[in-house]
There are 2 protein chains.
Amino acid sequence: MTERDNRQGAAALKRVDSRPLYAQVREVLLERIGTSGWMPGDLIPNEFAIARELGVSQGTMRKALDSLAADRVLVRRQGRGTYVARHTPADVLFRFFNFFDADGNRIEPDSCRATLAAGRATSQERAKLTLGPRAKVIRISRIRTWNGAPFIFETIILPEAFFPGLGKGRSVPNTLYDHFQKAYGVTIGRGEELLTAIAAGPAEAAALGIAEGMALLKLDRVMHSLQNQRVEWRSSVCRLDGAAYRVELR
Amino acid sequence: MTERDNRQGAAALKRVDSRPLYAQVREVLLERIGTSGWMPGDLIPNEFAIARELGVSQGTMRKALDSLAADRVLVRRQGRGTYVARHTPADVLFRFFNFFDADGNRIEPDSCRATLAAGRATSQERAKLTLGPRAKVIRISRIRTWNGAPFIFETIILPEAFFPGLGKGRSVPNTLYDHFQKAYGVTIGRGEELLTAIAAGPAEAAALGIAEGMALLKLDRVMHSLQNQRVEWRSSVCRLDGAAYRVELR
DNA sequence: GAGTGGTCTAGACCACCCT
DNA sequence: GGGTGGTCTAGACCACTCT
């Protein structure tokens with residue numbers, strides 16, 4: 001690539017908007033990661049190479065790369081290179097599964113029985129996932145166990161547009177988010193969860209094998225993709241004897 | 001040239017330390033903030049001044065300052081300067097009070113009735129706060145209200161060594177953490193909270209004015225100071241009809 | 001030894017806030 | 001106008017990983 005191209009590259013970045021260069025660079029890198037360029041697990045070119053290509057200094061490139069690493073989109077390893085973060089079941093549990101046992105160890109749910117169905121989204125589902133009037137969704141209900149006993153009973157709503165044919169002919173994996181990334185190129189970026197306490201009704205009592213009226217923790221979670229689209233609504237009720245939901249306060 | 005300055009700057013700070021320069025600089029700044037040098041709300045000297053004083057470059061100083069700003073110890077304002085973060089009641093609510101109403105607005109608890117007592121720490125209290133065998137603690141029990149109705153019933157355990165004479169002759173403020181900072185120089189840095197669901201027993205039912213057996217959210221929280229000492233153990237039970245505890249997932 | 005990210009420096013210009 | 005933090009660049013050396 002010639003020097004003129006470099007300047008044009010830099011100018012192209014600057015002319016579009018007035019945000020800092022590193023923020024624009026970050027945007028460019030995010031696009032490359034999303035659209036079948038750099039895939040999860042890939043080693044991306046080194047700092048100097050991308051910087052030269054985009055016509056910015058290595059320092060600016062570093063700032064963009066560090067910011068993506070802070071958001072867990074990239075993983076940097078000294079002496080080896082920069083990789084596109086890959087979701088593994090262990091990563092997913094570590095980031096998004098906040099249950100701990102009495103000794104402070106993270107709980108690893110053993111398995112799950114799942115049922116799956118598709119249909120038109122209800123108005124509530126459309127609101128939660130910002131879907132259009134005739135959008136379809138996939139609904140998964142499952143029970144996750146811990147030490148062999150039912151622990152979580154949850155319903156997961158997914159826009160069909162993001163996950164066409166999910167579950168067709170195959171069983172639903174225990175950790176969904178790594179499957180989303182591998183099978184559909186949808187990477188979970190962030191989300192929010194609303195927690196309340198409820199008394200077990202007939203449905204929860206039957207699903208979890210407990211008495212009606214037992215106090216349960218209810219989680220209402222909406223997850224967003226890296227591109228900031230709402231890709232999952234999950235509603236879970238959890239039996240919490242011997243376990244706790246852990247929150248870091250900062 | 002750069003190499004010699006580099007080593008000298010490092011030598012001036014480190015002696016035994018092999019951590020990065022900016023990390024050592026950060027430590028030095030944190031000490032100055034703790035020990036009656038720079039107080040909450042103070043404007044601290046500009047980057048160049050501190051950098052020159054400590055014998056490091058402005059870039060290294062900036063990295064240390066930015067890291068402290070990220071941890072909310074400092075607040076940087078373009079065109080004005082860098083300030084030591086001051087806890088206000090609003091800040092405290094924003095950072096550490098995670099309850100929201102059905103419309104998604106943060107709940108502001110109205111007031112509280114508090115009782116206060118001091119005594120020797122129980123073994124459980126010593127374990128939670130890593131206290132010595134004969135340590136004393138201050139115990140606060142209070143009820144916080146929302147829209148006039150009891151909302152949270154909580155017990156707060158504080159090491160007497162950190163907060164001597166707390167509550168003597170004065171009432172306990174609604175938001176404690178800003179009081180800790182102003183009156184005792186103890187700044188809350190971070191903490192962790194364990195959430196479970198419980199059924200209301202006689203004590204909770206009486207305190208919150210509800211029926212026994214109602215599902216409540218229980219929070220078990222330990223907070224650490226900027227110097228990483230455990231300075232509070234708080235146990236709360238919350239009535240959650242019309243409200244929810246919100247967690248950001250990243 | 002070659003290549004990578006991590007640290008550190010030095011100096012430039014810009015955007016913002018004050019008086 | 002003068003001072004502050006924010007951005008950007010250029011170049012050096014260090015620490016780590018692989019072959």
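Quick note on labels: first sequence line is chain A, next is B, and so on, each numbered from 1.
With the end axes of the helix from C/dG1-D/dC18 to C/dC18-D/dG1 each set by five pairs, the angle from one to the other reads 10° at 10° resolution.
Applying the ring-ring contact (aromatic ring centres under 6.0 Å, His included) rule to pairs touching residues 43-94 of chain B yields nothing, sequence neighbours excluded.
Aromatic rings of B/Phe96 and B/Tyr177 (six-membered ring for Trp) have centroids within the 6.0 Å cut-off, being under it.
Taking side-chain N and O atoms only, B/Tyr22 has no distance below 4.0 Å to OP1 or OP2 of C/dC8. Contact check, A/Lys63 against D/dC8: no side-chain N or O comes under 4.0 Å of OP1 or OP2. Considering only side-chain N and O atoms, A/Ser57 lies nowhere under 4.0 angstrom from the phosphate OP1 or OP2 of D/dA10.
The CZ-C1' distance, from B/Arg19 to D/dA15, rounds to 17 Å in whole Å. The nearest whole Å value for the distance from the CD atom in A/Gln58 to the C1' atom in D/dC13 is 12 Å. Between A/Leu21 atom CG and C/dC14 atom P the separation is 14 Å, expressed in whole Å.
Side-chain atoms of B/Asp220 and B/Trp233 include a donor-acceptor pair closer than 3.5 Å.
Taking both residues in full, the closest heavy atoms of A/Asp110 and A/Asn174 are given as O-ND2, 4.0 Å, listed atom of the first, atom of the second, then distance.
The side chain to side chain donor-acceptor pair (under 3.5 Å) check on B/Asp71 picks up B/Arg26, with sequence neighbours excluded. With sequence neighbours excluded, no residue satisfies side-chain contact (heavy atoms from CB on, under 4.5 Å) with A/Asn147.
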Quiz item: Between B/Tyr245 and B/Glu193, does a side chain to side chain donor-acceptor pair (under 3.5 Å) hold up when you go through it step by step?
Solution: CA-CA 12 Å; B/Tyr245 183 102; B/Glu193 200 155 54; 2.3 Å; yes
Exercise. Carefully, step by step, assess A/Glu232 and A/Phe180 under the rule side chain to side chain contact (heavy atoms under 4.5 Å, CB included).
Key: CA-CA 10 Å; A/Glu232 185 200 66; A/Phe180 292 169; 4.2 Å; yes
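For the contact set between residues 69-83 of chain B and DNA chain C, defined by any heavy atom under 4.0 Å, the members are B/Gln78, B/Gly79, B/Arg80. Looking at residues 41-49 of chain B, you'll see B/Asn46, B/Glu47 sit with a heavy atom under 4.0 Å from some atom of DNA chain D.
Distance check, rounded to the nearest 0.5 Å: CD of B/Glu53 to CE of B/Met61 gives 8.0 Å.
Other residues, nucleotides and ligands contribute at most 12 non-hydrogen atoms within 6.0 Å of the CZ atom of A/Arg86.
Judged by the 6.0 Å and 45° rule, B/Arg246 forms a cation-pi pair with B/Phe100.
Across the interface with DNA chain D, nearest-nucleotide mapping of B/Leu65 and A/Arg62 shows B/Leu65 to be the residue nearer the 5′ end.
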